Number of protein chains: 4
Amino acid sequence: MESHATDECAGRVRDREATRQRILDSARELFTSEGYTQVSSRRIAAHAGVNVALINRYFGAKRGLLAEVVAEDAVFPGIFEGDPAVLPRRLAEHLVRRAHGQSTPLQRALEQSAGDPDLQAVFQERLTNAIIEPLERVLDGDDARVRATLAASMLIGMGMVRRVEGATAMVRHDPDDLIERIARVLGCCLEPAAG
Amino acid sequence: MESHATDECAGRVRDREATRQRILDSARELFTSEGYTQVSSRRIAAHAGVNVALINRYFGAKRGLLAEVVAEDAVFPGIFEGDPAVLPRRLAEHLVRRAHGQSTPLQRALEQSAGDPDLQAVFQERLTNAIIEPLERVLDGDDARVRATLAASMLIGMGMVRRVEGATAMVRHDPDDLIERIARVLGCCLEPAAG
Amino acid sequence: MESHATDECAGRVRDREATRQRILDSARELFTSEGYTQVSSRRIAAHAGVNVALINRYFGAKRGLLAEVVAEDAVFPGIFEGDPAVLPRRLAEHLVRRAHGQSTPLQRALEQSAGDPDLQAVFQERLTNAIIEPLERVLDGDDARVRATLAASMLIGMGMVRRVEGATAMVRHDPDDLIERIARVLGCCLEPAAG
Amino acid sequence: MESHATDECAGRVRDREATRQRILDSARELFTSEGYTQVSSRRIAAHAGVNVALINRYFGAKRGLLAEVVAEDAVFPGIFEGDPAVLPRRLAEHLVRRAHGQSTPLQRALEQSAGDPDLQAVFQERLTNAIIEPLERVLDGDDARVRATLAASMLIGMGMVRRVEGATAMVRHDPDDLIERIARVLGCCLEPAAG
DNA sequence: GATGAATGAGGCTTCATTCAT
DNA sequence: AATGAATGAAGCCTCATTCAT
């Protein structure tokens with residue numbers, strides 16, 4: 001039993017815009033929490049309390065719904081404003097604090113869409129065994145696990161971004177300089193002490 | 001339409017191991033280039049030039065095929081051995097040099113599994129518009145684009161890893177220290193000069 | 001090749017209940033004449049003149065269809081009411097008169113039971129609820145349950161044998177005499193005391 | 001892990017007859033305990049420790065294997081000999097005592113897989129040859145065939161009900177009393193005159 | 001504007017069987 | 001005589017979508 005996105009009386013008036021919005025809200029919520037692929041059109045419709053056909057009517061197709069959800073979402077709301085010098089810290093705080101709550105739809109959907117249940121188990125085990133733990137073993141000092149995990153994040157993230165972005169910045173950049181930069185970042189991930 | 005994984009005449013001998021391997025090769029190739037979810041059992045079989053039933057016979061289920069593909073792949077072959085001090089650089093070189101070729105199956109499949117074709121276009125545009133370019137605008141100096149992309153990689157990667165790894169290292173770590181570390185890493189990503 | 005359950009023109013109206021019923025009718029007919037395992041979802045759908053997906057839509061799964069078919073079938077309609085003293089005769093008449101026609105879906109499916117794990121639960125419950133317990137309620141004295149079970153065995157067994165044996169002894173025998181005999185046997189099953 | 005039907009050394013000699021027999025033994029055991037439809041050719045072969053293809057080689061098809069299993073099985077071994085007057089009691093004892101153990105392959109397979117088209121012919125012939133006609137031969141008077149058929153119905157029916165109902169009434173009832181009752185019912189089936 | 005019935009395509013898996021060794 | 005690799009057919013189910021109301 002899904003609960004409706006917004007509480008409205010059963011015999012509500014016919015309001016194109018409101019209906020559209022209710023669908024959008026439901027989609028955002030479900031995509032965010034479970035991923036695009038995992039959520040069927042029917043569930044979105046049921047959650048919104050509307051008919052399935054309306055998704056196609058209003059958004060052309062499921063894909064259109066995603067596009068709209070993603071478009072309206074501010075990934076890092078307000079983070080980019082303010083003193084650039086402390087931008088990294090603002091981002092970090094946002095990430096960590098939010099980590100205990102919810103991601104933004106875009107990120108979440110991106111993350112979640114790797115969510116074929118079949119894949120989860122395989123990846124979890126493999127990510128740990130083939131990347132994080134080997135890294136951890138090489139490291140000295142405290143918190144080797146966290147440091148290894150940070151580096152793993154960078155490694156995975158670069159793959160995703162390179163792929164999604166296609167042949168852009170990173171690919172076109174001078175390889176030697178790129179190596180230099182990445183090495184520095186990874187070194188930073190792996191450094192023992194934070195303070 | 002699919003070309004066989006290995007070119008051999010149709011009337012080939014019956015060789016369990018060879019057939020198994022051909023299936024494995026086809027799966028790796030297709031998973032790597034299109035993602036687990038996108039590739040059907042039938043296509044893998046067709047690509048390998050064998051009957052679909054053999055996939056289940058030899059690997060139990062499609063999932064088993066993935067497990068094996070992923071298991072046999074050395075994500076960073078040989079990278080973890082050697083002087084830890086230059087580990088970051090070895091990783092970086094591996095990433096960048098390989099960047100012009102192919103990722104490893106694990107990474108690729110992970111990346112690709114976010115690969116519902118529907119999602120690709122949406123994400124590409126959104127990743128650029130909502131993360132990379134805003135970051136870029138805040139930065140001074142040359143190569144702002146590359147620096148922004150590096151930071152975006154870290155942001156995306158952390159989401160993925162946190163999700164796939166479940167409630168592990170990063171989630172259990174002291175938040176304040178975590179923020180400190182991440183901020184430092186992001187700062188490192190965004191730093192203007194490499195040398 | 002299949003003839004539709006009900007003859008209606010192809011361009012019929014969209015009526016959920018009617019369609020559901022048409023599927024149910026087709027399933028009953030086919031299950032009854034050929035058995036659950038032998039009849040595929042596709043054939044039921046074809047026979048009903050509808051799309052296969054509707055079976056899952058309306059009944060969850062093939063098994064659900066069987067459950068419903070079995071549930072709505074009154075195995076011995078009205079037989080258990082009336083004077084218990086002549087219950088055996090009423091049953092016998094029902095069996096013999098119907099013997100020239102068809103078994104009920106429950107019996108038929110029970111006979112066919114093929115041990116399909118799907119069926120066990122459905123049958124166990126239905127055999128108890130629709131035959132044994134109604135019989136038990138009508139009986140006086142101790143051991144009503146065992147007596148009812150014996151009678152049920154005879155009822156079920158006659159169905160099986162008639163079916164497997166084809167048009168032989170029982171079918172060719174004089175109906176009135178057959179009724180007489182069966183009534184006596186059932187009476188014997190239901191008799192209170194053994195000694 | 002299936003255990004082999006007979007213990008033989010791994011490097012056994014090639015012996016057509018022995019192999020055939022081992023397959024037959026495995027089939028009987030599995031058909032009897034799980035039913036024809038539920039047991040796959042592969043399992044039989046594995047259980048016998050031989051190659052699947054041999055089933056087809058020696059028995060033409062799975063069905064042929066069943067036919068042979070059923071043919072060699074004496075449904076009520078020795079029961080039909082002896083004083084006809086106490087035949088019902090002998091049958092009843094056989095049924096009840098065996099109820100705590102195993103049915104014969106024929107009955108078991110019949111109970112479990114009545115609907116499989118493969119089985120119809122086999123069963124029809126076997127039911128007639130192994131139960132009805134032996135019974136008929138023992139009986140005097142008119143209508144021996146019908147009386148035998150009634151008794152056969154009871155025998156078959158009890159097997160089905162016991163199986164479907166699980167460990168209920170009949171199994172829990174006092175065996176001696178149960179034998180008494182069943183003997184009486186069977187005697188009633190076999191009685192010459194209806195009026 | 002909204003509904004919901006109906007569709008068609010496609011996915012994974014299982015099985016008895018045949019073919020080449 | 002025996003093997004085991006390989007096949008083709010079929011089964012159930014799920015989904016996004018379209019059509020008629």
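Worth saying up front: this structure is predicted, and the values here are computed from it rather than measured.
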Item to check | Between F:dT17 (C1') and A:Phe59 (CZ): distance, integer Å | outcome: 16 Å
Checklist outcome for this item: When rounded to whole Å, the CG to P distance for the pair A:Leu30 and F:dA16 reads 12 Å
Next on the checklist: Counting only side-chain nitrogens and oxygens, does B:Arg16 get under 4.0 Å of the OP1 or OP2 atom of F:dG4?
Outcome noted: no
Item to check | Interatomic distance where CD1 belongs to B:Ile44 and C1' belongs to E:dC12 [whole Å] | outcome: 11 Å
Scan the side chains in residues 58-65 of chain B for donor-acceptor partners under 3.5 Å anywhere in the protein, sequence neighbours excluded, and list what turns up.
unit_1: B:Lys62; atom_1: NZ; unit_2: B:Tyr36; atom_2: O; d: 3.0
unit_1: B:Lys62; atom_1: NZ; unit_2: B:Val39; atom_2: O; d: 2.8

Next on the checklist: Which heavy atom of C:Ala48 sits nearest to which heavy atom of C:Arg22, and what is that distance?
Outcome noted: O-NE, 2.9 Å
Checklist outcome for this item: DNA chain F in dot-bracket form (Watson-Crick or G-U pairs under 3.5 Å, [ ] crossing, | inter-strand) is .||||||||||||||||||||
Checklist entry - Between A:Tyr58 and E:dG1, is there a side-chain N or O to OP1/OP2 distance below 4.0 Å? => result no
Checklist entry - Is C:Arg126 reaching over with its side chain to a backbone N or O of C:Ala71, donor-acceptor style, under 3.5 angstrom? => result yes
Checklist entry - Separation of C:Leu54 atom CG from E:dA9 atom C1', in whole Å? => result 15 Å
Item to check | Interatomic distance where CG belongs to D:Leu66 and P belongs to E:dA16 [whole Å] | outcome: 13 Å
Next on the checklist: A:Gln21: which residues meet the side-chain contact (heavy atoms from CB on, under 4.5 Å) condition with it, sequence neighbours left out?
Outcome noted: A:Leu24, A:Asp25, A:Arg28
Checklist outcome for this item: A:Arg57 meets the side-chain contact (heavy atoms from CB on, under 4.5 Å) criterion, sequence neighbours left out, with A:Leu54
Checklist outcome for this item: Given protein heavy atoms under 4.0 Å, the one-letter contact record of nucleotides 9-14 of chain F, with B base, S sugar-phosphate only and - none, is simply -BSBBB
Checklist entry - Could you give the CD1-to-C1' distance, from A:Ile23 to E:dA2, as a whole number of Å? => result 10 Å
Next on the checklist: When you measure from the side-chain N and O atoms of A:Thr19 to the phosphate of E:dG1, is any distance below 4.0 Å, counting only OP1 and OP2?
Outcome noted: no
Checklist entry - Can you list the residues that meet the side-chain contact (heavy atoms from CB on, under 4.5 Å) rule with D:Ala45, with sequence neighbours excluded? => result D:Val50, D:Val52, D:Ile55
